[in-house]
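Read the structure below first, then the notes.
The shown structure was predicted, so the numbers you read here are calculated from the model rather than taken from an experiment.
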Amino acid sequence: MSTSTALKDYSTCEISDALVKLGIKTGGHIPDIGMLSPAPDGSDTRICGPAYTVQMVLADDKHSPSPDKHFVDGAPEGSVVVISAPSQVKSAVWGGLMTAGAQARGALGVVIDGRCRDVSEHRAASFPVFARGRSTLGQGGFTRPSALNISVAMASARDGEQVVIKPGDMMVADEDGVICVPLEVEGEVVERCRVAREVDARCLNDIRAGKGVAASFK
């Protein structure tokens with residue numbers, strides 16, 4: 001089993017713990033991005049795949065470059081589309097037609113450091129969408145894509161630190177949140193998760209047997 005395949009077996013919480021133990025203090029967690037599609041009502045939806053990154057800029061930015069194709073058309077099969085939008089923007093950078101295009105290309109889902117719209121369309125398509133929020137406003141006149149498959153930085157849970165997502169890094173998202181696993185530590189993360197799950201199982205058995213939480217952790 002490849003490490004990428006094995007990573008799918010673990011929750012974002014387990015993976016974050018492993019990253020922290022490996023010295024990545026952010027745990028790879030990108031806070032305040034939640035599941036909007038499918039409906040976040042106990043869904044067991046989980047996506048796990050390599051990042052295909054998109055950098056958005058303000059529409060009136062005359063200096064940043066423009067890609068030579070629509071960013072959705074460049075999404076590789078099996079990838080997770082990761083969009084970084086300017087933090088001040090209240091408009092959406094993803095809508096129903098983009099979900100249709102991404103599904104047609106075999107993308108696994110989208111993670112948006114920004115807003116989406118057409119939520120009912122994403123849910124009807126059963127396409128996983130994780131975003132900071134929603135908007136009725138579209139992209140036109142507000143933002144535009146600038147660069148594809150470059151490193152993008154997003155706020156972390158630690159003040160002054162960011163989570164840097166490089167193309168090909170593993171993105172994992174479920175109802176608990178969204179995390180990025182740097183490709184170079186993926187194998188170590190899987191092994192840490194495996195060991196931690198075994199330890200947790202023993203602790204759970206002890207707790208259920210009445211041993212007590214503190215004693216079980218020793």
Side-chain angles (χ1 to χ4, degrees), residues 26 28-37 40 47 49-77 79-125 127-171 173 177-180 182:
T26 65
H29 176 51
I30 306 166
D32 305 321
I33 295 181
M35 187 193 307
L36 296 184
S37 173
I47 57 174
Y52 164 67
T53 59
V54 181
Q55 180 68 63
M56 293 284 181
V57 296
L58 296 175
D60 60 2
D61 183 337
K62 306 300 183 185
H63 303 289
S64 297
S66 297
D68 59 2
K69 57 188 171 186
H70 194 285
F71 70 91
V72 174
D73 293 340
E77 182 177 1
S79 67
V80 175
V81 182
V82 179
I83 302 175
S84 176
S87 60
Q88 70 270 38
V89 170
K90 305 303 181 185
S91 55
V93 295
W94 189 268
L97 294 179
M98 295 176 190
T99 276
Q103 276 192 317
R105 283 156 184 77
L108 301 179
V110 61
V111 171
I112 307 166
D113 187 11
R115 299 170 185 263
C116 77
R117 69 176 189 168
D118 303 327
V119 173
S120 64
E121 294 180 35
H122 311 311
R123 291 178 177 176
F127 188 73
V129 176
F130 295 80
R132 289 197 183 276
R134 318 173 193 209
S135 178
T136 62
L137 300 170
Q139 199 180 140
F142 297 99
T143 59
R144 65 173 181 84
S146 173
L148 311 179
N149 265 340
I150 63 166
S151 294
V152 295
M154 299 183 183
S156 79
R158 293 176 62 90
D159 288 343
E161 295 188 32
Q162 294 181 310
V163 176
V164 177
I165 302 167
K166 302 183 296 296
D169 282 348
M170 295 301 294
M171 301 300 298
V178 178
I179 57 173
C180 173

Note to self: Less than 4.5 Å apart, side chain to side chain, heavy atoms only: is that true for Met35 and Pro128?
What the structure shows: no

Margin query: Could you report the tightest heavy-atom contact between Val81 and Ala75, atom names first, then the distance?
Written below: CG2-CB, 4.1 Å

Note to self: Quick check: do Met154 and Thr26 have side-chain heavy atoms less than 4.5 Å from each other?
What the structure shows: no

Notebook entry, point to check: Ser146 and Pro67: which non-hydrogen atoms are nearest, and at how many Å?
Noted result: O-CD, 3.5 Å

Check: Side chain of Arg115, backbone of Thr136: donor and acceptor closer than 3.5 Å?
Finding: no

Note to self: For the CG atom on Leu97, are there more than 12 heavy atoms of other groups (residues, nucleotides or ligands in this structure) within a distance under 6.0 Å?
What the structure shows: no

Next item on the list: Give a yes or no answer on whether the side chain of Ser37 reaches the backbone of Val119 with a donor-acceptor pair at less than 3.5 Å.
Entry: no

Checklist line | Parallel, tilted or perpendicular: rings of Trp94 and Phe71 (30°, 60°) | finding: tilted

Item checked: Sub-4.5 Å side-chain heavy-atom contact between Ile112 and Arg132 -> no

Notebook entry, point to check: Does the side chain of Arg105 come within less than 4.5 Å of Ser79's, by heavy atoms?
Noted result: no

Notebook entry, point to check: Counting N and O atoms only, with roles assigned by atom type, does the side chain of Arg117 sit under 3.5 Å from a partner on the main chain of Gly96, one being a donor and the other an acceptor?
Noted result: no

Item checked: Nearest heavy atoms of Pro145 and Gln139, plus distance in Å -> CD-OE1, 3.3 Å

